[in-house]
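Data first, discussion second: the structure below is written as structure tokens.
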There are 2 protein chains.
Amino acid sequence: MTKNSNSDGKTRRALPKEVRKEQLIRATMKCIARSGLSGVTMARVTTEAGLSLGIANLHFESKEKLLLATLQYVTAEYNRDQKSILESRDYPNLAAQIEALLQFDFSAAVTEKNKMAVWFAFLGEAKSRPTYQRICSRQDSTSEALMTGLFQAVIEEGAYPDTNAELTAAGYIALVDGLWLNTLVAPRRLPRKKARRVARQYLASAFPQHISPEF
Amino acid sequence: MTKNSNSDGKTRRALPKEVRKEQLIRATMKCIARSGLSGVTMARVTTEAGLSLGIANLHFESKEKLLLATLQYVTAEYNRDQKSILESRDYPNLAAQIEALLQFDFSAAVTEKNKMAVWFAFLGEAKSRPTYQRICSRQDSTSEALMTGLFQAVIEEGAYPDTNAELTAAGYIALVDGLWLNTLVAPRRLPRKKARRVARQYLASAFPQHISPEF
DNA sequence: GACGCGAATGAATAACCATTCAGTAGTTGC
DNA sequence: GCAACTACTGAATGGTTATTCATTCGCGTC
């Protein structure tokens, strides 16, 4: 073994800023999931990361900025991947595109406990903190518009005269939020796969020619 | 004017415990809505209530118990009224009962900003605090069961062979949660009445013979 | 192998905040 | 009108926690 190693708790080692930042953000996510937003302290975060107390301020200036970076880390990833599905032209047909959206929204990666905990911890405070609100909803308008467009195309293709694309998109977005929340708080009552079946049923009943209620 | 009066900020007056408790709970709700759960301090709550610092501990023993009482105040009211709709046998038919549920869930009283803020502030911390979780979900299983029963009756009456009562109930519950959350965080994008139209569309597409998509 | 630089440490500091409690004022019973 | 009692007050206390910064340490360079 070399003189320094990361997993060896004794020696310390200078590492690039980016590595330390991600290490601290991951530790913050764990702390939020374990103790809630109000239970997060610099001491807990840095201990979780296996580093010393002062390091978070060194890399992030303040606790507030560390928390904002953590929220951004979680949302940026989701927004990027969702956008790429909604804007892709590589799916063989619209049904496949919607199917991909559904699989994505209830994939293990997206519904990972730590991420969901971070997401809803901040949403719970968002109303009183404009900064949180901005980060949470930055992408939302765009995403809602893209989804409405996709649903509109499906409606025209399938000739569903009674379906309203805008309301259906708003409903899907809200339904996914609600399912995530229920899955997070009571995974026994609503396991991930049941949540996905519920969302599928929603889409199937809006677009019966495109989506079937069972996979 | 008598020697003492409530609205006169100078004199103080002894009032029954119950009155003070409610006064403090209401002040706590306002504080949570204004500054989030983590921004609530005893000083802020008691100032908001127009009382002195020590009074909250006098009536509630601790901050934690004041917060729990506030959460309970909000949930108890909702659970009581929802239960009475779901268990009532006074509606002329099943369609009217579902209609009542919908009107209730998006009534101004239920979707009042302060109540929603309290609800989601606690849900955001619920995963890490078993006590919050217990209060939030105490009634949920019962309510889900009652709703599944109601939907099952509707399915039999309307002969909807492809609709699953359990999934539809789970979906409705999640959809309402998600709509509330979106309305709370971005009332511009999703005003209360649009949220209700979305929920109505959900029910209309599940039970087309009973509920119409427009009111 | 020692010099210099930037990363990392953690004891010390200062701010904040829940809780206490001795004292004050209103209320009730006589 | 006077105790006895109860609700209420807010300065003081003590615990917790973000932030600072003097010091330590690792690593590349000469």
Side-chain angles (χ1 to χ4, degrees), chain A residues 1-28 31-32 34-70 125 129 131, chain B residues 1-25 27-28 31-32 34-70 125 128-129 131:
Chain A
M1 193 185 280
T2 61
K3 195 168 46 174
N4 298 312
S5 104
N6 240 356
S7 45
D8 167 357
K10 286 302 161 70
T11 52
R12 83 181 178 187
R13 170 177 220 161
L15 284 178
K17 279 188 186 299
E18 284 316 310
V19 175
R20 288 287 183 236
K21 281 194 172 192
E22 177 149 352
Q23 195 179 357
L24 287 165
I25 286 175
R26 293 226 157 259
T28 306
C31 284
I32 293 175
R34 190 192 306 128
S35 344
L37 204 47
S38 62
V40 173
T41 68
M42 295 303 243
R44 274 206 249 260
V45 170
T46 52
T47 301
E48 174 68 42
L51 296 168
S52 70
L53 180 57
I55 195 136
N57 281 295
L58 180 69
H59 289 294
F60 289 97
E61 284 185 82
S62 70
K63 183 185 176 185
E64 184 65 15
K65 287 185 179 165
L66 169 62
L67 290 175
L68 288 176
T70 305
E125 297 274 273
R129 306 226 189 169
T131 316
Chain B
M1 194 185 277
T2 62
K3 197 167 46 176
N4 299 310
S5 103
N6 239 358
S7 44
D8 166 358
K10 287 296 160 73
T11 53
R12 84 181 178 187
R13 172 179 220 160
L15 285 178
K17 279 188 187 299
E18 285 316 311
V19 175
R20 288 286 184 236
K21 282 194 171 189
E22 178 150 353
Q23 195 180 356
L24 288 165
I25 286 175
T28 306
C31 286
I32 292 175
R34 190 190 308 128
S35 344
L37 205 46
S38 62
V40 173
T41 68
M42 295 306 242
R44 274 205 247 262
V45 169
T46 51
T47 301
E48 173 69 41
L51 295 168
S52 70
L53 180 57
I55 196 134
N57 280 294
L58 181 68
H59 288 295
F60 289 97
E61 286 185 82
S62 70
K63 182 186 178 183
E64 184 65 15
K65 286 185 180 165
L66 169 62
L67 290 175
L68 289 176
T70 305
E125 297 275 90
S128 55
R129 304 225 190 169
T131 317

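Chain naming here is simple, since letters A, B, ... match the order of the sequence lines and numbering starts at 1 in each.
Distance from the side chain of B/Met42 is smallest to C/dT19 among C/dT19, C/dA7, D/dC8. Distance from the side chain of B/Lys63 is smallest for C/dA18 among the nucleotides C/dT9, C/dA18, C/dA11. Closest to the A/Leu53 side chain, of the nucleotides D/dA7, C/dT20, C/dA12, is C/dA12.
B/Arg44 has its CZ atom 11 Å from the C1' atom of C/dC16, to the nearest Å. B/Lys17 has its NZ atom 9 Å from the C1' atom of D/dT6, to the nearest Å. With rounding to whole Å, A/Leu58 atom CG is found 13 Å from D/dT19 atom P. Atoms CG (B/Leu51) and P (C/dG26) sit 15 Å apart, rounded to a whole Å. Counting to the nearest Å, the C1' atom of D/dT13 and the CG atom of B/Asn57 are 14 Å from each other. Atom CG of B/Leu67 is separated from atom P of C/dC17 by 14 Å (rounded to the nearest Å). Distance B/Leu37 CG to C/dA18 P: 12 Å, rounded to the nearest Å. Atom CD1 in A/Ile55 sits about 15 Å away from atom P in D/dT20, given to the nearest Å.
Side chains of A/Arg129 and B/Ser38: a donor-acceptor N/O pair is present below 3.5 angstrom, by distance only.
Note that CD1 of A/Ile25 is 10.5 Å distant from CG of A/Leu67, once rounded to the nearest 0.5 Å. A/Leu51 contributes atom CG, which lies 4.5 Å from atom CD of A/Gln23 (distance to the nearest 0.5 angstrom). Distance check, rounded to the nearest 0.5 Å: CD of A/Glu125 to CD1 of B/Ile32 gives 9.5 Å.
Contact check, B/Arg20 against D/dC8: a side-chain N or O comes under 4.0 Å of OP1 or OP2. At C/dA7, none of the side-chain N or O atoms of A/His59 fall inside 4.0 Å of OP1 or OP2 (strictly under the cut-off).
With the nearest nucleotide of DNA chain D identified for both B/Ser52 and A/Glu61, B/Ser52 has the one nearer the 5' end.
The residue A/Val45 sits apart from the nucleic acid: no heavy atom pair falls under 4.0 Å.
Taking the charged nitrogens against the carboxylate oxygens, A/Glu22 and A/Arg26 do have a contact shorter than 4.0 Å, which makes a salt bridge.
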